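Take a look at the structure below.
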Number of protein chains: 2
Amino acid sequence: MRSHSHTASAVTTQSEAYSPCENCNVAQMSLCHALSCEELRELSAISTSLEVGRGVTIINETDSADYLFNVTAGSIKLFKLLPDGRRQMTGFLFPGDFLGIAMNDLYAYSAEAIEDSRLCRFPREKLEGLLSRLPQLENRLLNMVSHELVLAQDQMLLLGRKTAVEKVSSFLITLVKRGGESSADKHLVPLPMGRSDIGDYLGLTTETVSRTLTNLKKQKIIAIPSGGGIEILDQESLNELAEGLD
Amino acid sequence: MRSHSHTASAVTTQSEAYSPCENCNVAQMSLCHALSCEELRELSAISTSLEVGRGVTIINETDSADYLFNVTAGSIKLFKLLPDGRRQMTGFLFPGDFLGIAMNDLYAYSAEAIEDSRLCRFPREKLEGLLSRLPQLENRLLNMVSHELVLAQDQMLLLGRKTAVEKVSSFLITLVKRGGESSADKHLVPLPMGRSDIGDYLGLTTETVSRTLTNLKKQKIIAIPSGGGIEILDQESLNELAEGLD
DNA sequence: GCGTCATATTGACCTACATCAAAGACACAG
DNA sequence: CTGTGTCTTTGATGTAGGTCAATATGACGC
């Protein structure tokens with residue numbers, strides 16, 4: 001990691017590595033959750049671990065959807081493009097999340113590494129074979145996709161009906177909720193993506209994101225320490241701003 | 001049907017009706033698709049048919065998610081609300097679609113009948129019991145939810161990055177695609193929902209939807225016959241408008 | 001240290017869409 | 001046929017957030 005190359009990613013098949021999935025630190029929140037040892041072994045047999053540097057494209061919208069992925073380290077951005085280049089982020093992924101949803105065997109979005117990251121890769125055909133034999137796995141996948149769908153609906157409400165402040169506040173809150181467990185201080189949320197990525201996620205411009213953040217800073221609701229990340233000073237006000245309660 | 005009452009819906013358990021699901025006309029596109037006779041019998045044993053009049057609320061956001069539904073006739077709107085009443089439609093459902101996705105055992109959205117409609121209702125607990133025994137059913141559900149997720153991502157692109165014309169054009173096109181098979185003339189799309197419902201689906205106001213439609217009419221791209229519905233006169237131009245290709 | 005490059009912030013101005021307000025257009029009841 | 005309520009269309013005006021442009025800030029290499 002820490003290689004800042006934008007070149008093709010290093011690939012290691014799990015058979016080369018020792019103890020492939022058994023001691024995976026994200027298993028409890030990933031696709032592999034709730035699988036028996038035996039089932040885990042079957043899954044690991046078809047998986048490949050790969051590392052990608054910051055900025056590397058993992059999948060391309062409309063490419064043939066040959067693989068599914070599970071993020072194990074770093075962070076990934078998902079997005080769709082319009083012909084003239086307008087971009088909409090459809091999600092940010094962190095360890096435990098999966099990607100590779102398809103429509104007619106084509107990926108529904110592009111994915112790119114925000115920082116150096118690691119993923120588990122499963123050939124779609126082999127995984128679908130496993131699904132019919134491992135009902136636990138299929139059930140797990142169903143739960144993960146359903147959860148994604150609920151989040152997508154929240155995002156529709158945000159994109160269609162919230163103001164800039166409400167959007168930015170909501171975004172910060174979801175980051176707190178997700179990163180909550182991992183960070184020592186719950187109130188300092190890491191922000192690996194740039195302002196323009198955030199803008200494209202919230203349906204705003206870079207400039208509006210920046211202005212809104214400085215307004216929140218002036219109101220002492222957040223602090224923006226140099227070195228990245230955002231510090232939440234007044235969670236209560238932020239919650240109210242996010243729902244338009246003022 | 002055709003009852004315009006807004007009262008509680010009539011309920012009939014499938015056991016009362018003869019041949020409950022075997023001759024269901026929407027089976028091939030619904031949850032029940034790809035099930036064997038035996039499996040279909042198991043599913044029908046836990047299902048209840050119910051009819052709802054126009055305007056009747058089927059589920060309420062944040063209510064306990066005790067049931068899943070499959071639409072068999074009519075049309076349903078799904079939406080989420082902000083505390084101050086702003087509304088975002090998350091989808092319109094037609095025969096074959098399902099609803100009842102939950103988050104922490106609470107419904108993620110409200111659902112209301114746009115016109116007199118019929119649904120199949122499944123108690124969640126019993127259905128989940130069936131899922132573990134009928135892998136075909138679980139697989140079917142996974143495919144349906146995945147498909148929903150892809151559509152949700154398209155909608156995010158629309159809400160976050162498209163202009164009013166692009167939004168309305170895209171909306172008309174998806175209606176053509178969905179209703180294509182059922183209508184005799186492919187170019188006349190039914191529009192059971194009102195302008196304000198469309199606005200809340202596209203992140204626009206009623207007025208902007210109306211203005212945009214009359215613009216498209218002036219350009220001879222669509223016609224708006226009295227009696228409801230929209231006639232597509234120039235599908236090609238509409239496709240281009242939807243993607244911002246001009 | 002200093003220059004370079006990428007990203008973030010701030011300011012001045014503009015426009016697409018919202019808001020507010022007033023007619024039309026139907027559907028239905030009596 | 002006429003009144004009433006609901007939904008749609010059209011017009012006049014306002015504004016949140018976009019666009020364009022100029023610094024500022026920071027990370028990294030040398």
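Proteins come first, then strands; the chains are lettered A, B, ... in the order of their sequence lines, and each starts at number 1. In this text, all values refer to a predicted model and were calculated from it rather than measured experimentally.
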**Prompt:** Taking five pairs at each end of the helix from C/dG1-D/dC30 to C/dG30-D/dC1, what angle separates the two helix axes (nearest 10°)?
**Reply:** 40°
**Item:** Candidates C/dC26, D/dT9, C/dT9 - which lies nearest the side chain of B/Ser226
**Value:** C/dC26
Sugar-phosphate only, base, or nothing, as touched by [X] at under 4.0 Å among non-hydrogen atoms:
| X | answer |
| --- | --- |
| A/Gly199 | nothing |
| B/Ser210 | base |
| B/Gly203 | sugar-phosphate |
| B/Leu213 | nothing |

**Request:** Look at the side chain of A/Asp200 and the backbone N and O of A/Met89, then say whether any donor-acceptor pair between them is shorter than 3.5 Å.
**Result:** no
For atom [atom1] of [X] and atom [atom2] of [N], their distance in whole Å:
| X | N | atom1 | atom2 | answer |
| --- | --- | --- | --- | --- |
| B/Glu115 | C/dA27 | CD | P | 16 Å |
| A/Ile222 | C/dA8 | CD1 | P | 14 Å |
| B/Arg195 | C/dA25 | CZ | P | 14 Å |
| A/Leu191 | C/dT7 | CG | P | 14 Å |
| B/Asp200 | D/dC7 | CG | C1' | 14 Å |
| A/Lys217 | C/dA8 | NZ | C1' | 10 Å |
| B/Ile224 | D/dT8 | CD1 | P | 11 Å |
| B/Asn215 | D/dT9 | CG | P | 12 Å |

If you look only at pairs with a residue in [range], which of them pass as a ring pair (Phe, Tyr, Trp, His ring centres under 6.0 Å), with sequence neighbours excluded?
| range | answer |
| --- | --- |
| residues 221-246 of chain A | none |
| residues 219-246 of chain B | none |
| residues 216-244 of chain B | none |
| residues 53-92 of chain A | A/Phe92-A/Tyr201 |

**Request:** Answer yes when B/Arg118 and B/Glu51 have at least one side-chain N-carboxylate O distance shorter than 4.0 Å, and no when they do not.
**Result:** yes
**Request:** Decide, yes or no, whether a salt bridge links A/Arg178 with A/Asp97 under the criterion of side-chain N to carboxylate O below 4.0 Å.
**Result:** yes
So which protein nitrogen or oxygen atoms get under 3.5 Å of nucleotides 19-24 of chain D's nitrogens or oxygens?
from: D/dT19; atom 1: O4; to: A/Arg211; atom 2: NH2; distance (Å): 2.8
from: D/dC20; atom 1: N4; to: A/Glu207; atom 2: OE2; distance (Å): 2.9

**Asked** Any salt bridge (Lys or Arg N to Asp or Glu O under 4.0 Å) pairs touching residues 72-81 of chain A, not counting sequence neighbours?
**Response** A/Glu61-A/Lys80, A/Lys77-A/Glu112, A/Lys77-A/Asp197, A/Lys80-B/Asp154
**Prompt:** Got a sec, which pairs hit salt bridge (Lys or Arg N to Asp or Glu O under 4.0 Å) with one end in residues 211-229 of chain B, sequence neighbours left out?
**Reply:** none
**Prompt:** Of all residues at least two apart in sequence or in a different chain, which pass the side chain to side chain donor-acceptor pair (under 3.5 Å) check with A/Asp66?
**Reply:** A/Ser64
**Asked** With sequence neighbours left out, what residues match B/Thr212 under side chain to side chain donor-acceptor pair (under 3.5 Å)?
**Response** none
**Request:** With sequence neighbours left out, write down each residue that passes salt bridge (Lys or Arg N to Asp or Glu O under 4.0 Å) with A/Glu243, or none if nothing qualifies.
**Result:** A/Lys162
**Prompt:** Which residues within residues 155-174 of chain B lie with some heavy atom under 4.0 Å of an atom in DNA chain C?
**Reply:** B/Thr163, B/Ala164
**Prompt:** Are any of A/Thr214's side-chain N or O atoms less than 4.0 Å away from OP1 or OP2 of C/dT10?
**Reply:** yes
